[in-house]
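Each chain gets a letter, A, B and so on, in the order the sequences are listed, and its residues count up from 1. No hydrogens, no waters, no symmetry mates; every other heavy atom, side chains included, goes into these values.
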2 protein chains.
Amino acid sequence: MTARYRAPSRRAGPQLAVARLRRYGAIGAAEEALIGSLEDWRPDPPGVELIRDVRSATPRLLLSGWAAKVRWLSDGRRQIVSFVLPGDGLALHQRPHPLGLCPVMALTPVQTVDAAPLIRAVTQLPQTAPLRQALDVAASLEEVWVLDQVIRLGRLAAYERMAHLIMELRWRLTAVELGVGDQFPFPLTQETLADALGLSIVHVNRTLQQMRREKLIELQNGRLRVLDPVAMAQLCDFREPQPQTWLEAAA
Amino acid sequence: MTARYRAPSRRAGPQLAVARLRRYGAIGAAEEALIGSLEDWRPDPPGVELIRDVRSATPRLLLSGWAAKVRWLSDGRRQIVSFVLPGDGLALHQRPHPLGLCPVMALTPVQTVDAAPLIRAVTQLPQTAPLRQALDVAASLEEVWVLDQVIRLGRLAAYERMAHLIMELRWRLTAVELGVGDQFPFPLTQETLADALGLSIVHVNRTLQQMRREKLIELQNGRLRVLDPVAMAQLCDFREPQPQTWLEAAA
DNA sequence: CGATGTTTTGACTCGGTTCAAATAAGGTGG
DNA sequence: CCACCTTATTTGAACCGAGTCAAAACATCG
C-alpha cells in the first residue's frame, strides 16, 4: 500500500533546502544563489549508504527523498536513530570532531549535493550572520529529533510512539512545504517504521490499523493525512519545537 | 542497599575534570591552572534542577556527584536521557543555539563550578589548541551516550539494556579514574535505573538479581563490580568509543 | 524508636512478539 | 496488456517478556 518515491527523472533544485533554512534566518538572494550554485550533484537508489564512514564524510544537502541515521547490532537487529528529510543536511558538522554518529542510509531514491562550498562560506561569516544562524538552528533541531526518539522508545507505548513520530514528520515536512492540507508524503515501509519505533513489523501493522479505525489518520498511496491533529498531539504529548524563541534568545 | 554519596564536607577540586580532559588533549600546566582557578562554586542536594531553563543556562563543570538529563511527560512519566558524571560539563554548548536540550537534575549531592571563564578563554584559542580539542571530544562523547541510549531503548531487551548501561558507566568512570579494579561508585536507585532504561522498578530489581545470580556483577554499598567484563560486553554488543581515532583523524 | 524511602518477592495481567500463512501491490519481461 | 515474481501488508493463534498491584523485608536517619 505504501508507494515508493519514483526514481528522479531530472535533477531536483535547492528549493526545499532554501525553504527550510528561510524559516530560521533571513535568507536573502545572495545566500539563495550560493545554495543554488552547488554543483556536485548525485542521485542514489534506496538502500545505499550515503555516509558510510562518519569520520571522512563530506557535508551534503538532501535535495529530495528520505534517508535515515541507522545503527546495527552485530546480530542483525537494526535501529533507526532519526530520519533525514528533504532539505536536511548530512554530516554538516559545525564541530571539528565528528559526532558519535552513525551511517546514513537512503530509504527512497534520493538526490544530494556536496555542501562543502556552503560550509566553507559560512565559516567565514560572523556568528550573527542569518545563514549561519539558520544552520545552527537546523543543527539544534537534529538533536531535538534524537531526544524525542529517546522519549518515544523509553516511555511511550506503541500507539503513542506511532502518533508521536507521525506528528514529528508532519511538523518537519510542513517546514519544507511538503505538507499541504494535513497531507504529506509518507514513503516508509512498515518494516522501516518498526526499526524506528522499536516494534515488530506485525505490531506496527496493527497499530496503524487501529489508528485508521479510530479515524485519526488516513494512509494510502504513500501519502498520510492526519485527520485529527489535536487529538494526535494530545494522546502522545507531542510538543512542537520552538526554534523562533531560540532566535529571539540569541538576539 | 544502594547507598548515596555523602554530603560534601569540603569543596572538591578540579582533578576529575582535568583528568577527563587530559585524555582527549595535551592539557598542560596553564590549562590546568585555568580550570583550577574557576571560582564560582556551588554544592546542591539531590533532586535539585541544576539546569532548569536550557536557554538561559550558564556553563558549569560537575566536580563531584552524579546528575542526569531528564525529560518529563505531562502525566508524570519520566525519562532519563543520559547521565552526567563527575568531570562532565553542563551546558557547555559550543554552538550559539542551545541544543534541544532538557533539564539536568542532581541525583546525588553534587558540586559544580561556573565554567564561563573557561569557555571564554577557549573561544579565543585556535581550532587546533589541545584544550579546545579536548572539549570538542567531550562534546562528541555526549552525543555518543545519547545514541547508545537510543539503541538500548529501541533494540535491546531488559537484561541487555542493563548490561549495556553498566558498561557505559564503567567506561566513563574509568576515564576519570573513579573506577579501580573493576569496581566503581554506583549511587543510582533502582527507580532511577528504571527511568533510564525504560523499565519498571520491579523489573529492574529482577534483572539485577539475575545478573548477580549469573555472577556477572556484584553490587553493594553503592559500589558496583563487574566480574566478567568480556561476557558483559558481548551479551549486549557494547563497543567502546574510540575518541583517540577522532583525534588522529583531525590531525 | 518510629518515619520514610528503597529493595525484594509473589501472583496476576497484558502489551507486544513470534511463527505461519494468506492476500495485495508493484515491477518486469514477454 | 497479461503472467509472473518479488516485496509489502494483513490476519490469526500461541506465547512470553515485562508491567501492575500489593505487601513484606530492609535501611537510613532524625
C:dG15 base to A:Arg206 side chain: any donor-acceptor pair below 3.5 Å?
->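 Per atom types, no contact qualifies.
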
For [X] and [N], give me the distance from atom [atom1] to atom [atom2], rounded to whole Å.
X: A:Leu188; N: D:dA8; atom1: CG; atom2: C1'; value: 13 Å
X: A:Leu219; N: D:dA8; atom1: CG; atom2: C1'; value: 12 Å
X: A:Leu156; N: C:dG15; atom1: CG; atom2: P; value: 16 Å
X: B:Gln209; N: D:dA25; atom1: CD; atom2: P; value: 16 Å
X: B:Arg213; N: C:dT9; atom1: CZ; atom2: C1'; value: 12 Å
X: B:Leu199; N: C:dG15; atom1: CG; atom2: C1'; value: 14 Å
X: A:Glu191; N: C:dT17; atom1: CD; atom2: C1'; value: 15 Å
X: B:Gln190; N: C:dT7; atom1: CD; atom2: P; value: 4 Å

Any side-chain N or O of B:Asn205 less than 4.0 Å from the OP1 or OP2 oxygen of C:dT8?
->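 Yes, B:Asn205 has a side-chain N/O under 4.0 Å of OP1/OP2 on C:dT8.
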
Phosphate OP1/OP2 of C:dT7 contacted by B:Arg212 side-chain N/O (<4.0 Å) =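 Checking C:dT7 against B:Arg212, no side-chain N or O comes under 4.0 Å of OP1 or OP2.
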
Test item: A:Gln79 side-chain N/O and A:Ala196 main-chain N/O as donor-acceptor pair under 3.5 Å =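 Present.
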
Least distance between heavy atoms, B:Arg60 atom then B:Thr112 atom =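 So the minimum-distance heavy-atom pair works out to NE-OG1, 2.9 Å.
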
May I ask you to say what B:Ile201 touches in the nucleic acid, namely base, sugar-phosphate or nothing, with a heavy-atom cut-off under 4.0 Å?
->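 B:Ile201: no heavy atom of the nucleic acid under 4.0 Å.
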
How about A:Ser82 and A:Gln149: does a side-chain donor come under 3.5 Å of a side-chain acceptor?
->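 Their side chains do not contain a donor-acceptor pair, so the 3.5 Å distance test is not met.
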
Test A:Arg20 against every option in A:Asp88, A:Leu85, A:Leu61 by the side chain to side chain contact (heavy atoms under 4.5 Å, CB included) rule and name the one that passes.
->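 Looking at A:Asp88, A:Leu85, A:Leu61, the match for A:Arg20 under the side chain to side chain contact (heavy atoms under 4.5 Å, CB included) is A:Asp88.
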
Considering heavy-atom distances to DNA chain D, does A:Arg155 or A:Val202 have its closest nucleotide positioned more toward the 5' end?
->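 The 5'-side residue here is A:Val202.
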
Minimum-distance nucleotide to A:His203 side chain [options: C:dG16, D:dT9, D:dA18] |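 Selected nucleotide (nearest to the side chain): C:dG16.
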
Using the side-chain contact (heavy atoms from CB on, under 4.5 Å) rule, take B:Val110 and B:Ser64 through it: C-alpha gap first, then chi angles, then the decisive distance, then the call.
-> CA-CA 5 Å; B:Val110 296; B:Ser64 77; 5.7 Å; no

